[in-house]
A.B. asks: 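Structure incoming, see below.
Atoms within a ligand are numbered from 1 in the order they appear, just like the ligands themselves. Counting begins at 1 with the first residue of the sequence.
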Amino acid sequence: MMMRRDPAGLGMTSQRARDRMVEQLRTLGIQNPRVLDVMRNLSRHLFVDEGLEVRAYENSPLPIGQGQTISQPYIVARMTEHVVAANPRKVLEIGTGSGYQAAVLSYLVPQVYSVERIESLLRNARRRFRSIGIENIRTRHDDGRRGWPEEAPFDAIIVTAAGEYIDPLLAEQLAPGGVLIAPVGPQGGEQKLMRVTRDADGLHESMLEPVSFVPLLGGRI
Ligand code: SAH
């Protein structure tokens, strides 16, 4: 009897698709070779809903249930580049979602913390981390707008949902020399990716590029 070892039919297509995705990221200006390597090797198709696996290496966001999306590979790559530039040991992510962004970071940073307000998404993300063998991500089911004060300070903080502003209580959880990357702006309106750094003089904010994220919401469900 013939065995089907690759039920989703991803095999070679997947390797070609991954290479193509990385080429696209390069064209869009992603340069960090470690980030590109991690994104080539990490199986994004394990982080999307059943039936969408064949689209996993397209440069687009995809639905993950509960009205949420796994971010576009370009934006994951860009935000990751900004984070690793600070050479962090300890990173906090707000908005675990599918877990893909946290998984990418887990190969580049010793310790990742990630907070998600929707329990069912978090459960799926944890299952993915376990099945891939990732052990350096700690997760928490909570409203992450105020960060994870018990574990602060962090060398980097990455927010993957758009708020109206950057909460000062979150920025305060940055270690000296740390960097916070967050989309800011109204839903369906103009959102900008912001970068906040902390040095001896305090906090400094700069604008990076226009983006489009799902909203940062209050409470947990
Ligand atoms: N980083 C995710 C992107 C998911 S979309 C990935 O790689 O798949 C953004 C996520 O932020 C959603 O899952 C949403 O539920 C979550 N979110 C929104 N507001 C939040 C809040 N206040 N605290 C924690 N998570 C939040």
Side-chain angles (χ1 to χ4, degrees), residues 21 25 35 38-39 42-50 52-53 55-83 91-109 112-129 132 134 137-152 154 156-171 173 180-188 191 193 211-221:
M21 179 186 84
L25 295 177
V35 173
V38 167
M39 290 187 65
L42 179 62
S43 295
R44 191 168 184 263
H45 67 265
L46 301 178
F47 291 82
V48 303
D49 284 354
E50 223 173 300
L52 291 174
E53 290 97 336
R55 297 188 52 200
Y57 300 94
E58 290 175 14
N59 186 29
S60 57
L62 292 169
I64 55 171
Q66 309 286 330
Q68 305 305 317
T69 54
I70 178 173
S71 305
Q72 177 190 25
Y74 165 72
I75 205 71
V76 172
R78 183 58 91 200
M79 290 173 86
T80 305
E81 268 196 341
H82 285 296
V83 164
V91 174
L92 171 67
E93 177 193 35
I94 310 301
T96 317
S98 69
Y100 181 69
Q101 171 74 74
V104 168
L105 287 169
S106 77
Y107 294 101
L108 298 161
V109 176
V112 179
Y113 295 79
S114 188
V115 185
E116 171 58 54
R117 65 180 287 274
I118 303 180
E119 189 170 24
S120 60
L121 294 181
L122 190 55
R123 221 178 300 125
N124 288 338
R126 284 180 180 142
R127 186 176 40 73
R128 290 175 180 126
F129 300 151
I132 300 173
I134 295 174
I137 302 176
R138 281 190 55 197
T139 58
R140 167 168 167 168
H141 175 220
D142 207 351
D143 176 350
R145 289 177 301 172
R146 302 275 156 86
W148 193 330
E150 299 84 354
E151 295 295 341
F154 299 95
I157 300 176
I158 178 171
V159 186
T160 67
E164 300 274 329
Y165 58 93
I166 295 172
D167 196 311
L169 289 173
L170 185 61
Q173 291 173 34
L180 181 153
I181 307 291
V184 174
Q187 204 53 26
Q191 296 178 4
L193 194 61
V211 286
S212 179
F213 277 83
V214 296
L216 190 67
L217 299 171
R220 54 174 208 169
I221 55 174

A.B. asks: Under 4.0 Å from ligand 1, counting heavy atoms only, is it the side chain of Val214, its backbone, both or neither?
C.D. replies: side chain
A.B. asks: CZ of Arg145 to CG of Leu170: how many Å apart, nearest 0.5 Å?
C.D. replies: 11.0 Å
A.B. asks: Relative to the heavy atoms of Ile118, which atoms of ligand 1 are at a distance of less than 4.0 Å?
C.D. replies: 15 (O)
A.B. asks: Which residue and atom name correspond to the protein heavy atom nearest atom 23 (N) of ligand 1, and how close is it?
C.D. replies: Gly144 N, 2.7 Å
A.B. asks: Rounded at 0.5 Å granularity, tell me how far CG in Leu25 sits from CD in Gln72.
C.D. replies: 9.0 Å
A.B. asks: List every atom of ligand 1 that sits less than 4.0 Å from any heavy atom of Arg145, numbering the atoms from 1 in the order shown and giving each element.
C.D. replies: 22 (N)
A.B. asks: Give the residue, atom name and distance (to 0.1 Å) of the protein heavy atom nearest atom 16 (C) of ligand 1.
C.D. replies: Glu116 OE1, 3.3 Å
A.B. asks: Quick one: pull up CG in Asn59 and OH in Tyr74 and give me the separation to the nearest 0.5 Å.
C.D. replies: 9.0 Å
A.B. asks: So how far is it from Arg117 CZ to Leu216 CG, rounded to the nearest 0.5 Å?
C.D. replies: 9.0 Å
A.B. asks: Under 3.5 Å, is there a donor on one side chain and an acceptor on the other for Ser71 and Gln101?
C.D. replies: no
A.B. asks: Please report which non-hydrogen protein atom sits nearest to atom 9 (C) of ligand 1, along with the residue it belongs to and the distance in Å to one decimal place.
C.D. replies: Thr160 O, 3.3 Å
A.B. asks: Would you tell me whether Glu93 and Ser114 have side-chain atoms, one donor and one acceptor, within less than 3.5 Å of each other?
C.D. replies: yes
A.B. asks: Which is it for Gln101 and ligand 1 at heavy atoms under 4.0 Å: side chain, backbone, both or neither?
C.D. replies: both
A.B. asks: Relative to the ring of Phe129, is the ring of Phe47 parallel (under 30°), tilted (30 to 60°) or perpendicular (over 60°)?
C.D. replies: tilted
A.B. asks: Between Leu46, Asp49, Leu121, Ile64, which is the residue that forms a side-chain contact (heavy atoms from CB on, under 4.5 Å) with Ser98?
C.D. replies: Ile64
A.B. asks: Check whether any heavy atom of Pro215 sits under 4.0 Å from an atom of ligand 1.
C.D. replies: yes
A.B. asks: Any heavy atom of Gln66 sitting closer than 4.0 Å to ligand 1?
C.D. replies: no
A.B. asks: For atom 5 (S) of ligand 1, what's the nearest protein heavy atom and its distance?
C.D. replies: Thr69 O, 3.1 Å
A.B. asks: Taking distance alone, with no angle check, do Ser71 and ligand 1 share an N/O pair under 3.5 Å?
C.D. replies: no
A.B. asks: Show the atoms of ligand 1 that are less than 4.0 angstrom away from any heavy atom in Val115.
C.D. replies: 24 (C), 25 (N)
A.B. asks: Identify, for atom 22 (N) of ligand 1, the protein heavy atom at the shortest distance, and state residue, atom and that distance.
C.D. replies: Leu217 O, 2.6 Å
A.B. asks: Closer than 4.0 angstrom: is that true for some heavy atom of Asp142 and an atom of ligand 1?
C.D. replies: yes
A.B. asks: Which of the numbered atoms in ligand 1 are below 4.0 angstrom from a heavy atom of Thr96?
C.D. replies: 1 (N), 2 (C), 6 (C), 8 (O)
A.B. asks: When you look for heavy atoms under 4.0 Å from ligand 1, do you find them on the side chain of Leu216, its backbone, both, or neither?
C.D. replies: both
A.B. asks: Between the candidates Ser98, Gly95, Gly97, which shows the shortest non-hydrogen contact distance to atom 8 (O) of ligand 1?
C.D. replies: Ser98
A.B. asks: Salt-bridge test for Arg138 and Glu151: reply yes if a basic N is under 4.0 Å from a carboxylate O, no otherwise.
C.D. replies: yes
A.B. asks: Relative to atom 17 (N) of ligand 1, which among Met79, Gln68, Arg117 owns the nearest non-hydrogen atom?
C.D. replies: Arg117
A.B. asks: Say you draw a straight line from CZ of Arg123 to CZ of Arg128; how long is it, rounded to the nearest 0.5 Å?
C.D. replies: 12.5 Å
A.B. asks: Measure from NZ or CZ of Arg44 to the centre of the six-membered ring of Tyr100, then state whether that distance is under 6.0 Å and the direction lies within 45° of the axis.
C.D. replies: yes
A.B. asks: Could you state the interatomic distance from CD (Gln68) to CG (Leu62), rounded to the nearest 0.5 Å?
C.D. replies: 14.0 Å
A.B. asks: Report the part of Leu121 (side chain from C-beta onward, or backbone N, CA, C, O) that has a heavy atom under 4.0 Å from ligand 1; answer both or neither where that applies.
C.D. replies: side chain
A.B. asks: Does an N or O anywhere in Gly218 fall below 3.5 Å from an N or O of ligand 1?
C.D. replies: no
